[in-house]
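What follows is a single structure, written as structure tokens, with notes after it.
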Amino acid sequence: MNELMYMKMAVDAALENVLTYGGGPFGAIVVRNGQIISVGRNQVTALKDPTAHAEMQAIRAACHYLNSFQLTGCELYTSCEPCPMCLGAIYWARLKNVFYACTGEDASKIGFEDKFIYEQIALPPDKRSIPMYRVLPENTYLPFQAWMNKPHQQY
């Protein structure tokens, strides 16, 4: 299969999600070496989970299937340009490529606006619309120290 065929599948998943499952108009698939590893649909309202975006669902399912927290060598096809949260997950998962159909601007036109999040990220934490404050208990760095002292796999 080629990119256009995979993208059609992601868009079909989005359409099916709206028409059959009552979810948001977003779908995504993860592909590795020409094999579909996972399909994700926006399940924010169904699961009452603001992180249940199609890309997040596809990434979670692919990681579970591959028994890995990294998706090196995998490609993501998504019906819409990823939001900031999904973009972060894409980078953390180390996907090889991302292909998208609709743009963030297209999504904004139907009420799915994420431009404000990009604007908030650029602000200092205490100037954001949801202010963030640093609190430092005496054990603040103990988890990091424990992590550094523990043998673990390379990333």
Side-chain angles (χ1 to χ4, degrees), residues 1-125 127-130 132 143-144 147-148 150-155:
M1 288 192 187
N2 61 29
E3 287 87 6
L4 192 58
M5 293 173 77
Y6 290 129
M7 186 57 70
K8 182 183 181 313
M9 294 173 74
V11 172
D12 284 345
L15 181 60
E16 178 184 39
N17 197 45
V18 173
L19 299 177
T20 304
Y21 303 111
F26 306 100
I29 64 171
V30 174
V31 176
R32 184 177 74 170
N33 298 327
Q35 179 185 357
I36 297 170
I37 302 299
S38 67
V39 176
R41 293 172 182 82
N42 181 289
Q43 295 182 297
V44 169
T45 55
L47 298 177
K48 304 201 182 5
D49 178 354
T51 69
H53 289 199
E55 298 91 338
M56 299 294 284
Q57 298 296 81
I59 288 169
R60 287 176 182 137
C63 287
H64 180 76
Y65 176 80
L66 296 174
N67 195 30
S68 175
F69 61 90
Q70 294 181 343
L71 298 176
T72 307
C74 294
E75 299 174 325
L76 177 74
Y77 291 81
T78 178
S79 63
C80 189
E81 185 176 5
C83 76
M85 175 184 65
C86 294
L87 187 61
I90 287 163
Y91 277 98
W92 282 118
R94 293 165 174 81
L95 284 152
K96 177 181 167 184
N97 293 311
V98 175
F99 301 91
Y100 62 93
C102 294
T103 66
E105 187 176 302
D106 295 329
S108 176
K109 290 176 184 174
I110 63 164
F112 293 91
E113 174 64 61
D114 59 16
K115 181 181 175 190
F116 77 97
I117 298 172
Y118 286 104
E119 293 168 352
Q120 291 291 304
I121 290 169
L123 295 172
K127 302 293 184 209
R128 295 176 181 156
S129 62
I130 300 174
M132 299 180 184
F144 283 13
W147 175 258
M148 292 304 296
K150 175 185 168 190
H152 55 283
Q153 57 185 316
Q154 295 297 313
Y155 301 106

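We number each residue from 1, following the sequence as shown. Heavy atoms only: backbone and side chains are in, while hydrogens, waters and symmetry mates are out.
- We find the CD1-SG distance between I59 and C86 to be 6.5 Å, quoted to the nearest 0.5 Å.
- For the pair C83 and I117, the minimum side-chain heavy-atom distance is 4.5 Å or more.
- At most 12 heavy atoms of other shown residues, nucleotides or ligands fall within 6.0 angstrom of atom OH in Y100.
- Listed for the R94 side chain is no donor-acceptor partner under 3.5 Å among the backbone atoms of T72.
- Of all the heavy atoms in I90 and P82, the pair that sits closest is CD1-CG, 3.6 Å.
- In this structure the side chain of L71 reaches within 4.5 angstrom of the side chain of C63, judged on heavy atoms.
- The backbone N or O of G73 lies less than 3.5 Å from no partner atom in the side chain of R32, so there is not a single donor-acceptor pair.
- Side-chain contact between L87 and V98: absent, with no pair of heavy atoms (C-beta onward) separated by less than 4.5 Å.
- The aromatic rings of Y6 and Y77 lie tilted to each other, with the angle between the two planes from 30° to 60°.
- Counting heavy atoms from C-beta outward, F112 and C80 have side chains that stay 4.5 Å or more apart.
- Closest non-hydrogen pair, A58 versus S38, comes out as O-OG, 2.7 Å.
- A distance of 9.0 Å separates CG of L15 from NZ of K8, quoted to the nearest 0.5 Å.
- Annotation: Y65, atom OH; neighbour count of heavy atoms from other residues, nucleotides and ligands within 6.0 Å does not exceed 12.
- Interatomic distance, T78 OG1 to N42 CG, rounded to the nearest 0.5 Å: 10.0 Å.
- Using a 4.5 Å heavy-atom threshold, the side chains of L66 and C74 count as touching.
- Across V18 and P25, no two heavy atoms sit closer than the pair CG2-CA, 3.4 Å.
- Between atom CG of residue L123 and atom OH of residue Y118 there is a gap of 15.0 Å, rounded to the nearest 0.5 Å.
- In terms of heavy-atom proximity, T51 sits nearest to D49 at OG1-OD1, 2.6 Å.
- The minimum heavy-atom distance between A10 and A28, with the atom names listed, is CB-CA, 4.2 Å.
- Between the CG atom in L4 and the CE atom in M7 there is a gap of 8.5 Å [rounded to 0.5 Å].
- Between the side chain of N17 and the backbone N or O of A14 there is no donor-acceptor pair closer than 3.5 Å.
- One distance of note links CD of E75 with CD1 of I37; it measures 11.0 Å at 0.5 Å rounding.
- Screening R60, H53, E55 for a side-chain hydrogen bond (donor to acceptor under 3.5 Å, both in side chains) involving Q57 leaves a single residue, R60.
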